[in-house]
Amino acid sequence: MLIIFDCDGVLIDSEIVAARLEAEAITELGLPMSAMEICRRFAGTTTREVWAPLERELGRPLPPGFFEAHLVHVREVFGRELEAIPGARDVLAGLEVPFCVASSTQLPSLLTNLGTAGLADLVDGHVYSASQVKRAKPAPDVFLFAASQMGADPADCLVIEDSVAGVTAARRAGMAVVGFTGGSHVTEGHEARLRTAGAREIVRHMRDLPALIASEQNRRAA
């Protein structure tokens, strides 16, 4: 069995930081919005997929150079603030089955963020990004790519995801998926949304994940 972890909101508590910065930026442009609204609407999507609808709602084009400057600002803040989800390092260090990371984040930023959060040494280079495939989540491409690179059959994979887009992508890839709700960005009703999207189980804290993985291994071996 191969475990495939999403990164943002599963291994790194980054979704709430990104949402805060996006909310601050769009509010300054004249469209007031909270970080939690950004989380509810856009968790698990790429930065460009966040800003395209926000630009439409703003009713005018973003200022010249805005997007590039915003990304620079996000990287600077991430470098200061990113932390691992509580318990994530212990879970990765204790896993006795193959695992990897598959994320919508661009690969260079993904590797940098894992390093900032103190997890890069545990993933052993098995990190895959939607920037390496044709389509981002909710398309299944990045999960199928990760499985192929790890030599695993999609049916033998278990995905850990925090977003509806990610759960949808995993199910479209033919993979079992567990919803994770331990990130700071999770809003009311999120667990139900993950279940509706196809999450088999919900894990609310990383400390509960090893037992679930062991149970899944036993179920598949039976």
Side-chain angles (χ1 to χ4, degrees), residues 3-26 34-36 38-39 42-51 66-95 98-133 136-137 142-143 145-146 149-150 159-163 165-166 169 178-187 190 203-210:
I3 310 299
I4 304 179
F5 289 92
D6 176 44
C7 184
D8 298 293
V10 173
L11 296 177
I12 300 176
D13 207 5
S14 52
E15 291 279 10
I16 190 64
V17 180
R20 187 191 81 222
L21 299 176
E22 288 157 353
E24 291 172 353
I26 195 64
S34 69
M36 296 314 290
I38 295 285
C39 290
F42 301 114
T45 60
T46 66
T47 304
R48 289 194 180 277
E49 289 171 327
V50 173
W51 279 99
F66 169 86
F67 191 73
E68 293 74 15
H70 175 70
L71 290 180
V72 169
H73 180 52
V74 169
R75 285 194 291 268
E76 291 173 348
V77 174
F78 272 17
R80 299 193 303 268
E81 297 188 14
L82 284 194
E83 295 182 352
I85 291 284
R89 184 172 178 85
D90 289 341
V91 167
L92 293 183
L95 279 178
F99 65 90
C100 65
V101 177
S103 171
S104 293
T105 300
Q106 295 281 314
L107 187 59
S109 296
L110 179 56
L111 295 171
T112 297
N113 295 347
L114 285 164
T116 301
L119 300 176
D121 62 307
L122 297 175
V123 297
D124 193 30
H126 299 311
V127 180
Y128 308 104
S129 164
S131 63
Q132 297 172 285
V133 296
K137 303 171 189 177
V142 70
F143 288 134
F145 178 67
Q149 294 299 298
M150 296 292 293
V159 175
I160 316 300
E161 260 289 355
D162 70 300
S163 72
V178 170
F180 179 73
T181 59
S184 300
H185 66 292
V186 171
T187 56
H190 192 63
V203 169
R204 300 177 183 87
H205 194 285
M206 271 289 162
R207 63 173 173 262
D208 300 322
L209 186 58

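No hydrogens, no waters, no symmetry mates; every other heavy atom, side chains included, goes into these values.
- At least one side-chain heavy atom of M206 sits under 4.5 Å from a side-chain heavy atom of V10.
- Note that CG of L114 is 4.0 Å distant from SG of C7, once rounded to the nearest 0.5 Å.
- Atoms NE2 and CZ, on H126 and F99 in that order, are 8.0 Å from each other to the nearest 0.5 Å.
- At distances below 3.5 Å, not a single donor-acceptor pair connects side-chain atoms of H205 with backbone N or O atoms of T181.
- Of the inter-residue distances, the one linking E24 atom CD with I38 atom CD1 reads 11.0 Å to the nearest 0.5 angstrom.
- Between the side chains of D162 and H185, at least one donor-acceptor pair of N or O atoms lies under 3.5 Å.
- With rounding to the nearest 0.5 Å, the separation of OG in S163 from CD in E15 is 7.0 Å.
- Contact between C39 and A19 at its shortest, heavy atoms only, is SG-CB, 3.4 Å.
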Step-by-step salt bridge (Lys or Arg N to Asp or Glu O under 4.0 Å) determination, R20 to E81: CA-CA 12 Å; R20 187 191 81 222; E81 297 188 14; 3.1 Å; yes
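- For the atom pair CZ of R48 and OG of S104, the computed distance is 14.5 Å after rounding to the nearest 0.5 Å.
- Counting heavy atoms from C-beta on, the side chains of L11 and L92 come closer than 4.5 Å.
- Proximity of D8 to S103: side-chain heavy atoms (C-beta onward) are separated by under 4.5 Å at one or more points.
- Residues F145 and M150 have side chains not in contact (no heavy-atom distance under 4.5 Å, counting atoms from C-beta outward).
- The two residues G166 and F143 have their closest heavy-atom pair at O-CE1, 3.4 Å.
- In summary, of the residues considered (L209, V127, L119), a side-chain contact (heavy atoms from CB on, under 4.5 Å) with F5 occurs for L209 alone.
- Between the CG atom in L82 and the CG atom in N113 there is a gap of 5.0 Å [rounded to 0.5 Å].
- Counting heavy atoms from C-beta on, the side chains of L21 and H73 come closer than 4.5 Å.
- Considering every non-hydrogen atom in both A23 and A35, the closest pair reads CB-N, 3.6 Å.
- Within the 4.5 Å cutoff, no side-chain heavy atoms of I12 are placed close to those of E83.
- Remark: side-chain polar atoms of R204 are not paired, donor with acceptor, to backbone N or O of F180 under 3.5 angstrom.
- A donor-acceptor pair under 3.5 Å links the side-chain atoms of Q132 to the main chain of S129, judged by distance alone.
- F78 pairs in a side-chain contact (heavy atoms from CB on, under 4.5 Å) with only one of the listed residues (T112, T116, V17), which is V17.
- Of the charged side-chain nitrogens involved, none lies within less than 4.0 Å of a carboxylate oxygen, so that E76 and R80 do not count as a salt-bridged pair.
- We find that K137 and D6 are joined by a salt bridge, their nearest charged nitrogen and carboxylate oxygen being less than 4.0 Å apart.
- Put simply, the side chain of I4 does not reach to within 4.5 Å of the side chain of Y128, judged on heavy atoms.
- Here the shortest heavy-atom pairing between G182 and I85 reads O-CD1, 4.2 Å.
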